[in-house]
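Notes follow the structure.
All values below come from the heavy atoms of this structure, side chains included, with hydrogens, waters and symmetry mates left out.
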Amino acid sequence: MLFLDIFLVILPVFLVIGAGAAAASFGPFTQDFIEGLMAFAQSIAIPCLLFTTMARIDLSQSFDTGLIVSFYLAAGVCFLLGIFSSRALFNHQPDRSVALGFSSMYTNALLLGLPITAVAFGRDATSSNFAIIAFQAPVCYLIGVSAMEAANSGGRGLLRTAATTVFRILRQPHIFSLLAGLGLNLISVNLPDYLARPLDMLGDAALPVALFALGGILIRYPLRGSWRETGMVVIIALVINPALTLIFARWFGLTQAALNSAVLTAAMAPGMNTYMFANIYRTARDVTANALLVGTAISAITTPLWIIILTT
């Protein structure tokens, strides 16, 4: 497939993001309205989508150990690479380096990876995406928080912080909905039609609403300095992470469909959680905000290139 053909396939995703940015910048929509849309998407619509998908998904086909290991092994390497590069190239303090490492590994799997995989390869090709998403917050936050607590002296202690983090992660709507849907799947309970239909209606609204709100939220973060650090994070996130994932996926012998999902998810820009993580620890907020903005913009160009690699 030609670059232009693939770009036109995924262009609707970025047009919806752009529409949200334009509406928040020039239209009647205030930031409170945009945040309300994102709250609806993250707290109601996306959990409905995740719940129904996990309740119906064929676990024997989707939860491949090689898929999970290859994706998160690459993410872990990029986390360490982000930390060591930050220390070696810029002589950053440990806490700032950990924040940049977290930004290097935590991709926007849900708001970008899922819809782009769906439009590029069809909705039936996204089952592996949901398997990756199910582990993303628990794995990445435990890695990031553990490293940050180790870097910060005078903290509450590694084990206590990790336990608190696990509790907070489990209380997040999308994690709870994933686990609830998985539980129904494991005990082979089918949702009655009068419950499945409204859940499906809400789930159908999840991705377009979330993408529109993402565009509106991105404009809140003005571009700042620290361009070299931003470039480092973006290169790791958009180039090295998917390249490593591709290598590991082939090493573990993944099917082409699973490999497509893993590599495309790894090729996405840093997610909103990277800025939230930096904001919690009051460090590297400038770089993580830049990486979020610049990475999302550049991914409109790099994503078609990765799809070409996957389809040739």
Connected via hydrophobic side-chain network under 4.5 Å: Ile240 and Met232: yes
Nearest atoms (heavy-atom pairs only) where Asn241 meets Ala266: ND2-O, 3.6 Å
Derivation of the side-chain contact (heavy atoms from CB on, under 4.5 Å) call for Leu114 and Phe130: CA-CA 8 Å; Leu114 186 59; Phe130 286 101; 3.8 Å; yes
OG-CD1 distance between Ser299 and Ile10, expressed to the nearest 0.5 angstrom: 7.5 Å
Side-chain heavy-atom pair Ile83, Val98 within 4.5 angstrom cut-off: yes
Phe33 backbone acceptor or donor facing Thr30 side chain under 3.5 Å: yes
Heavy-atom side-chain contact between Trp227 and Asn290 under 4.5 Å: yes
Check: Thr303 and Leu238 side chains under 4.5 Å, non-hydrogen atoms: no
Residue Arg123 excluded, over 12 heavy atoms near CZ under 6.0 Å: no
Distance (rounded to the nearest 0.5 Å) between Leu202 CG and Phe40 CZ: 5.5 Å
Same cluster (ILVMFWY, side-chain, under 4.5 Å), Val233 and Leu81: yes
Test item: Gln93 side-chain N/O and Arg87 main-chain N/O as donor-acceptor pair under 3.5 Å: no
Gly181 backbone acceptor or donor facing Asn185 side chain under 3.5 Å: no
Hydrophobic cluster identity match, Ile46 and Leu184, side-chain contacts under 4.5 Å: no
Backbone of Leu67 reached by a side-chain donor or acceptor of Tyr72 within 3.5 Å: no
Test side-chain contact (heavy atoms from CB on, under 4.5 Å) applied to Ile143 and Phe79, Tyr106, Phe102, the passing residue: Phe79
Heavy-atom closest contact (Ile298 atom, Val234 atom, distance): CD1-CG1, 4.1 Å
Atom pair CG (Leu264) and CG (Leu112), whose distance is rounded to the nearest 0.5 Å: 11.0 Å
Over all atoms of both residues, closest heavy-atom pair of Leu254 and Ser70: CD1-OG, 3.7 Å
Under 3.5 Å side-chain donor-acceptor pair for Ser86 and His92: yes
Candidates Leu195, Thr52, Leu191 - the one meeting side-chain contact (heavy atoms from CB on, under 4.5 Å) with Asp200: Thr52
Check: Thr288 side chain, Arg285 main-chain N or O, donor-acceptor pair, under 3.5 Å: yes
Non-hydrogen side-chain atoms of Asp286 and Thr230 separated by less than 4.5 Å: no
Minimum side-chain heavy-atom gap Asn108-Thr296 below 4.5 Å: no
Heavy-atom check, side chain of Pro304 versus side chain of Ile307, under 4.5 Å: no
Test log, rule side-chain contact (heavy atoms from CB on, under 4.5 Å), inputs Leu50 and Leu110: CA-CA 10 Å; Leu50 297 178; Leu110 186 58; 4.3 Å; yes
Step-by-step side-chain contact (heavy atoms from CB on, under 4.5 Å) determination, Leu111 to Met38: CA-CA 11 Å; Leu111 300 188; Met38 183 59 82; 4.1 Å; yes
Sidechain-backbone polar pair: Glu229 side chain, Ala284 backbone, donor-acceptor under 3.5 Å: no
Expected output: side-chain Thr274 to main-chain Gly271 donor-acceptor under 3.5 Å: yes
Nearest heavy-atom neighbours spanning Phe29 and Ala23: CD1-CB, 3.3 Å
Worked check of side-chain contact (heavy atoms from CB on, under 4.5 Å) between Ser261 and Phe121: CA-CA 9 Å; Ser261 293; Phe121 297 107; over 6 Å; no
Test log, rule ring-ring contact (aromatic ring centres under 6.0 Å, His included), inputs Tyr281 and Phe277: CA-CA 7 Å; Tyr281 290 100; Phe277 181 84; 5.3 Å; yes
